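Read through the structure below, which is laid out as structure tokens, and then see the notes.
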Amino acid sequence: MSETRQRKTYDPTSLERRWQERWAETGLYKTDEDESKPKHYALTMLPYPSGDLHVGHWYPMTPSDTRARFMRMNGYRVFFPIGFDAFGLPAENAAIQRGIQPREWTYSNIERMRVQLRQMGAMFDFDSEVVTCAPEYYRWNQWFFVKFFEKGIAYREEAPVDWCPKDNTTLAREQVIGPDRRCERCGTPVIKKNLAQWLFRITDYAEELLDYSNIDWPERVETLQRNWIGRSEGAEIEFQIENYGPVEVFTTRPDTLFGATFFVMSPEHPAVEQITTPEQAEDVRAYVERAARMSEIDRTDATREKTGVFTGAFASNPANGEEIPIFIADYVLMGYGTGAIMAVPAHDERDFDFAREYGIEIRTVIAPPHWDGEDLEEPYAGGGTMVNSDGFDGTPSAEGKERVTAWLEERSAGRAAVTYRLHDWLISRQRYWGTPIPMIFCDECGIVAVPEEDLPVLLPEEAEFMPTGESPLKLDPDFYNTECPSCDGPATRETDTMDTFMDSSWYWYRYLSPHYDEGPFDPVRGEKWLPVDQYTGGIEHAILHLLYARFFTKVMRDLGLVDFDEPMTRLRNQGTILGPDGQKMSKSRGNVVNPQEYVDRFGSDALRGFLMFIGPWNEGGPWDGKGMEGVSRWLRRVLTLAADESSGGEADPSELPRRTNRLIKKLTEDLEAFRFNTSIAALMEHTNYLLAIKGRVEEDAWHGALRSFVTVLAPFAPHHAEEMWAESGGEYSVHEQSWPGYEEALIRAEEITLIVQVNGKLRDRIEAPADISEEAAKVLALESARVRPHLEGKELRKSVYVPGRLVNLVVG
RNA sequence: GCGAGAGUGGUGGAAUGGUAGACACGCUAGAUUUAGGAUCUAGUGCCUCAGGGCGUGCGGGUUCAAAUCCCGCCUCUCGCACCA
């Protein structure tokens, strides 16, 4: 009585709690260190401790866990750690609102989230946890910074930087988004500010970062990074300016040099002041001032009419000695190339617009195919044949690029050059809740790094962290005033903190030995586990985090810390899970889905199963919790497989071995390829089949099939599989079983449904032996009563036979 | 504007040249239950004169055979955007 009673009251949460306790007691998920097994480092992006784990965390993490479990069952020793990316603006903003310290807020959130993470029932190795705001972690941020400084990778520079007026801090170029240049965090339009800031020379690695040949990453990420790095090949060309000297331009089209009819400098170009003639000085000054005042939004609006001012000066075109007028115009940006361009209106849309506006000659120098010799009505940016270009006339433009460049090189007026859109990584932040930059300013010695033995430079515990635009740490005299490590004289500390992307650029190394104090990670552990074999996380990190991560590892390699080039061998991205309204989940929209209510009602296996089932994992999509019922019902039905009562159905019990093998094959292939939705579907289908044949299969065969099923269910629904394993007499734990193999021969059916088509249209389905001959199949087809009417009065012209599949009769 | 991805029932999706709609959600009917927002069974692309006909964004093509390959277009999503 109590038996059946218990089954009727399906209570997934207590079932799951029971097994989670058992797993914890028995240390089931302690990392396997058995070096006779091949290693597998499975990494999922670490969460930001915002307070509550939401479905946006479950969506990437639980399928990653399924994959890690699969690898474990396949005989790998698997390392699957987790941690918290704990520094950053949200902690500060939340803390400001509540009047408590960011540390307090962050750590209490971490406490909550640790509990919630355990509810997932994932095989995380919680002993390796890393919290990036802990001194034992950020000490190594500082250590890296000093190493980077010594190597010349980190440098300080006064330059116009992107500044968020709301968050009161500078931002990396990557954190400024959209055409209207808004702050990635708060959406406020950013402004330019002149500040001395620390930067990392990521541009030194631009070329290497374009090489993806040894990693298996999604093409999408590769494309995004390539576009971001923005490599352009072309030439730097010197134009002489009388009474000034040479000024360089960068162009991707040296073949159009003879068509340069004017010259444009960015308003910020250092030469502007000197070259401007007295008559033009007033106009130029007014334009420069206006450009400086203009917001970035207006400045970068591509649809805006071209404006500019003549400087009164002329530049000499090295190709033909022509003196062309020099303008300043805000469509030329100081931040790209050399900040000056040769303008070729016939072959560049922007230059064309400008020339029209200012009545400048538009000279065709590249003849489009079938050109009639007339002036061009609109700019032509494609390839063609060089014309009006002296000795180069008749040269195809592709070849012309090289020939013109070589010719310039001979005359020392230019050279082949490559330009990148990528800028160096701006590290400094004027906020409290981050890693202090370990640098000291001394009047005598200049900029001095904090010696290694003095690290970490501790972030003061009780600080005034209200953002004022100045670094909060500057207001703390105990922190700010210090001694110079080299001359012992009075000195001051750098009061900026590091961009939090610093923290996430190397955290997976720290997981290996989170408490190691002789270096950022224990090299012995590194030897055992690095690099990461499988990384999973959101596509939204394609540019920021994932580019920095690659850069960091390359610098670490050059520092002799690691001996490989890429941090993560394989990367797979999940799509974004949206709110029920199809919008991005956000607290302000109020469409954040809290997994807790679903876990309480359906259990975590149901939630993780549902998240895998709703669609292709790399596509994401809006949340619709209704579908969860289906997954929950399925899991409940799975448990009834172990019950004694038999049920009936129409399915054929003799299919059992074939279908079991087919299931194993399907899941093996799906998991390899990160296709979770079709895996769950196959498991449901198999469950339905097992229920239909239950009680009509011989005991041993049934048990074997059930054990196979439960074994392959384990990575997907770890709690339910464990329960079923125990119920069917398996020895603890199902998660220590090997992933079963399958036999191709057993998957092949003896009977097939032969499809009969007439002119490609389905006309009949006939049961036939799988190895039926073409002749026999054709006879069957021609005899079919459903087929015959479609043949009447027509001549059989041809038949096509696909073995084991179909016959197509072609008539006419 | 440039680059990438996508368009299939009422819904999420499956099928990567060979049975379109697997697996679910929802819906309909029935069974069971004191009750049910539980469970089970059957049905469920559209039209239909019940023979069939039509059907994967639109138009064309290749093929014995196309959701799938090719050409042209439309729509949506994402990224970049005066990058010389």
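Sequence lines set the chain letters: A, B, ... in the order given, protein chains first and strands last, and positions in each chain run from 1. Please read these numbers as outputs of a predicted model, since none were measured by experiment.
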[atom1] gap between [N] and [M], integer Å:
N	M	atom1	value
rU11(B)	rU32(B)	P	35 Å
rC69(B)	rU19(B)	P	16 Å
rC58(B)	rU8(B)	P	10 Å
rA24(B)	rA15(B)	C1'	16 Å
rA67(B)	rG18(B)	P	10 Å
rU56(B)	rG10(B)	P	13 Å

Validate the cation-pi geometry between R550(A) and W217(A): distance from NZ or CZ to the six-membered ring centre under 6.0 Å, angle to the ring axis within 45°.
yes
Is the closest basic N to carboxylate O distance between E233(A) and R231(A) below 4.0 Å?
yes
According to a strict under-4.0 Å criterion, is [X] in side-chain N/O contact with OP1 or OP2 of [N]?
X	N	answer
N677(A)	rA14(B)	yes
R633(A)	rG26(B)	yes
K626(A)	rC25(B)	no
K761(A)	rC54(B)	yes
R637(A)	rA24(B)	yes
R350(A)	rC83(B)	yes

May I ask you to say what E685(A) touches in the nucleic acid, namely base, sugar-phosphate or nothing, with a heavy-atom cut-off under 4.0 Å?
sugar-phosphate
I755(A) near the nucleic acid: base, sugar-phosphate alone, or nothing, with a heavy-atom cut-off under 4.0 Å?
base
Taking O4'-C1'-N9-C4 for purines and O4'-C1'-N1-C2 for pyrimidines, is rG30(B) syn (within 90° of 0) or anti?
anti
Answer syn or anti for rG5(B), where the cut-off is 90° from 0 on the glycosidic torsion.
anti
Pairwise side-chain contact, H347(A) with F352(A), heavy-atom cut-off 4.5 Å (strictly under)
no
Can you measure E619(A) atom CD to rG7(B) atom P for me and round it to whole angstrom units?
7 Å
